[in-house]
Amino acid sequence: MAEPRAIDPAALRPRLERAFDFAARQVRAMIERTPDYFPIYTVGGRWQHGGPLWTDWCGGFHAGMMWLIAERTGEPWWYEQAEHYSKLLEHRQHDRDVHDLGFIFLNTYLPWYRRTGDVRLNEVLITAGRTLTLRFNPKGRYLRSFVAPESLFIDIMMNVPLIFYAARETGDANLRAIADAHCRTTERTLVRPNGGTAHEGIFDLETGSFLRQSTHQGLRADSDWTRGLAWSLYGFGTVFTYTSNPADLAVAERNADHFLARCPESLVPPWDFDVPEGPDRIDDSSAAAIAASGLWNVSGLTSDPLRRERYRSAALTILDSLCSEHYLADQTPGWEGVLKHGVYHFHKNLGVDESVMWGEFFFLEAVAKALGMRA
Ligand code: GLY
């Protein structure tokens with residue numbers, strides 16, 4: 001089992017500050033180079049290219065970074081950019097084609113609403129939450145993924161908090177019931193007894209019964225796709241902040257323990273823990289970044305003092321690794337992203353060993369937390 005390194009937060013701080021400033025420069029350069037463009041992954045380190053998207057789910061990460069940078073710098077220019085890019089996403093509140101509305105709105109309209117208190121911004125969040133519930137399959141009791149009605153993805157655990165949020169804001173018990181049902185179905189069908197996770201579950205549309213685990217981006221149906229595991233860790237932790245249900249926190253803790261048990265010393269995992277040693281065993285820095293931010297959260301939620309310390313140290317260990325020259329692109333001339341060595345979709349050869357937008361966002365978010373900017 002890889003143990004977190006003993007990181008001295010005071011020694012790490014200047015490296016985190018440099019990484020944050022570098023990210024701000026990269027985002028500013030992207031705004032100036034390609035205004036109003038929402039990137040997903042790089043090709044050879046360049047954001048703009050003709051490569052396919054698979055699905056359009058990343059707008060909230062680019063705009064979300066602008067909110068983080070605005071909050072840190074306090075500069076009006078960054079707030080203007082954050083609002084402008086968020087506004088470009090507003091129409092997505094009605095988007096029924098993706099399961100990613102939490103990614104899009106919780107990182108944009110939520111910080112915007114928290115800053116201004118403008119109820120019209122809250123209405124957008126609530127509408128987006130209601131739109132997400134339209135994916136609910138009442139027989140299977142899950143929110144279906146974008147690929148097919150019979151498909152449930154682990155990734156949706158990062159989006160279901162938007163429904164919990166809308167339920168809390170409106171007092172609508174139906175919204176809350178849908179969100180709760182989705183979490184219990186995900187726990188039952190995708191989270192394994194050892195704390196690992198499957199990417200996808202397939203259901204019988206006639207009866208609603210669960211048929212089998214499956215995958216798109218992982219190595220196999222029964223393997224540990226590491227980003228999915230990080231989505232689950234982070235997602236169930238966030239859900240616990242709405243439900244206070246010990247079952248939600250217990251899943252996040254099992255995910256965290258499993259993640260740490262299978263990680264190498266750097267705590268930066270390969271894109272799937274079950275890829276054999278060899279050229280295909282490529283790191284996914286984005287899984288590490290999501291895990292760092294999620295571990296930071298779960299460290300603050302758990303009542304177990306050993307876990308609290310271990311998860312916090314693990315988050316700092318990951319950030320220490322990601323701030324090294326190997327991952328951080330600040331020593332790589334011409335590279336337009338912040339973090340190198342991410343993987344989007346290995347099998348489709350999309351964004352393999354590249355910068356990926358969610359890796360950028362969750363890295364910056366985790367850095368912000370470690371710098372004391374966000375809880
Ligand atoms: N589609 C979500 C992910 O690639 O993790």
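Order of listing sets the numbers, starting from 1, for every ligand and every atom in it.
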For this session: Go through the structure and list residues passing side chain to side chain donor-acceptor pair (under 3.5 Å) with Trp78, not counting sequence neighbours.
Result: none
Problem set entry | Part of His345 with heavy atoms under 4.0 Å of ligand 1, whether side chain, backbone, both or neither | neither
Exercise. Where's the contact between Trp225 and ligand 1, heavy-atom distance under 4.0 Å: side chain, backbone, both or neither?
Worked result: side chain
Exercise. Is there a heavy atom of Trp231 sitting under 4.0 angstrom from any atom of ligand 1?
Worked result: yes
For this session: Within a distance under 4.0 Å of any heavy atom of Gln217, pick out the atoms of ligand 1 and give their elements.
Result: 3 (C), 4 (O)
For this session: Could you check atom 5 (O) of ligand 1 against the protein and tell me its nearest heavy-atom contact, residue, atom and distance included?
Result: Arg227 NE, 2.7 Å
Exercise. Of all the atoms in ligand 1, which lie at a distance below 4.0 Å from a heavy atom belonging to Tyr344?
Worked result: 4 (O)
For this session: Over all heavy atoms of both residues, which pair between Phe363 and Cys323 is shortest? Give the atoms and the distance, please.
Result: CZ-SG, 4.1 Å
Seminar exercise, completed: Under 4.0 Å between heavy atoms, the region of Phe153 that gets near ligand 1 turns out to be neither
Exercise. Looking at Glu90 and Lys87, does any basic side-chain N land under 4.0 Å from a carboxylate oxygen?
Worked result: yes
Exercise. For the residue pair His341 and His326, is the inter-centroid distance of their aromatic rings smaller than 6.0 Å?
Worked result: yes
For this session: Indicate yes or no: does Asp320 engage Arg15 in a salt bridge with an N to O separation below 4.0 Å.
Result: yes
Exercise. Applying the side chain to side chain contact (heavy atoms under 4.5 Å, CB included) test to Asp248, which of Arg184, Glu253, Glu187 qualifies?
Worked result: Arg184
Problem set entry | Closest approach of any protein heavy atom to atom 1 (N) of ligand 1, naming residue and atom | Asp155 OD2, 3.4 Å
